[in-house]
Amino acid sequence: QRLTPSEERARRLDRVRRSCRFLMQLMVDGDDAWRVPTGRVARGGVRETVWGDAAGIETTALALIALCEALDGVARAFSD
């Protein structure tokens, strides 16, 4: 028995998609690496806030855990 009814899966998947998009917006990429004090070293890291420049290892690690959990959840939801 699934915890999420099939008629609700699309809405849940959309929530996961939006959450992953938000994580991507927090990532330091080539366009905004100049804002972070460590520049090139911080590329691929995750900023603590949308408006801030701080990108710490802890924030990046937690974002990676969240992303892995989201991908695992999606994989389980569609592994019929």
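Values below: every heavy atom of this structure, side chains too, minus hydrogens, waters and symmetry copies.
Taking 4.5 Å as the limit, some side-chain heavy atom of Arg47 sits within range of a side-chain heavy atom of Val28. Between Val50 and Leu26, the closest side-chain pair of non-hydrogen atoms falls below 4.5 Å.
Residue Leu23 shares its hydrophobic cluster (ILVMFWY side chains chained together at separations under 4.5 Å) with Leu67, Leu71.
Here the CD-OG1 distance, from Glu48 to Thr60, works out to 9.0 Å after rounding to the nearest 0.5 Å.
Among all heavy-atom pairs drawn from Ala70 and Val16, the shortest one is CB-CG1, 3.8 Å.
Looking at residues two or more places apart in sequence or on another chain, you find no side chain to side chain contact (heavy atoms under 4.5 Å, CB included) involving Ala61.
More than 12 heavy atoms of other residues, nucleotides or ligands lie within 6.0 Å of CZ in Arg18, so this atom counts as buried by the packing criterion.
For the pair Thr59 (side chain) and Val46 (backbone), a donor-acceptor distance under 3.5 Å is absent. The closest donor-acceptor contact from the side chain of Ser19 to the backbone of Arg15 lies under 3.5 Å.
Between Asp14 and Arg17 there is a salt bridge, with a side-chain nitrogen of the basic residue lying less than 4.0 Å from a carboxylate oxygen of the acidic one.
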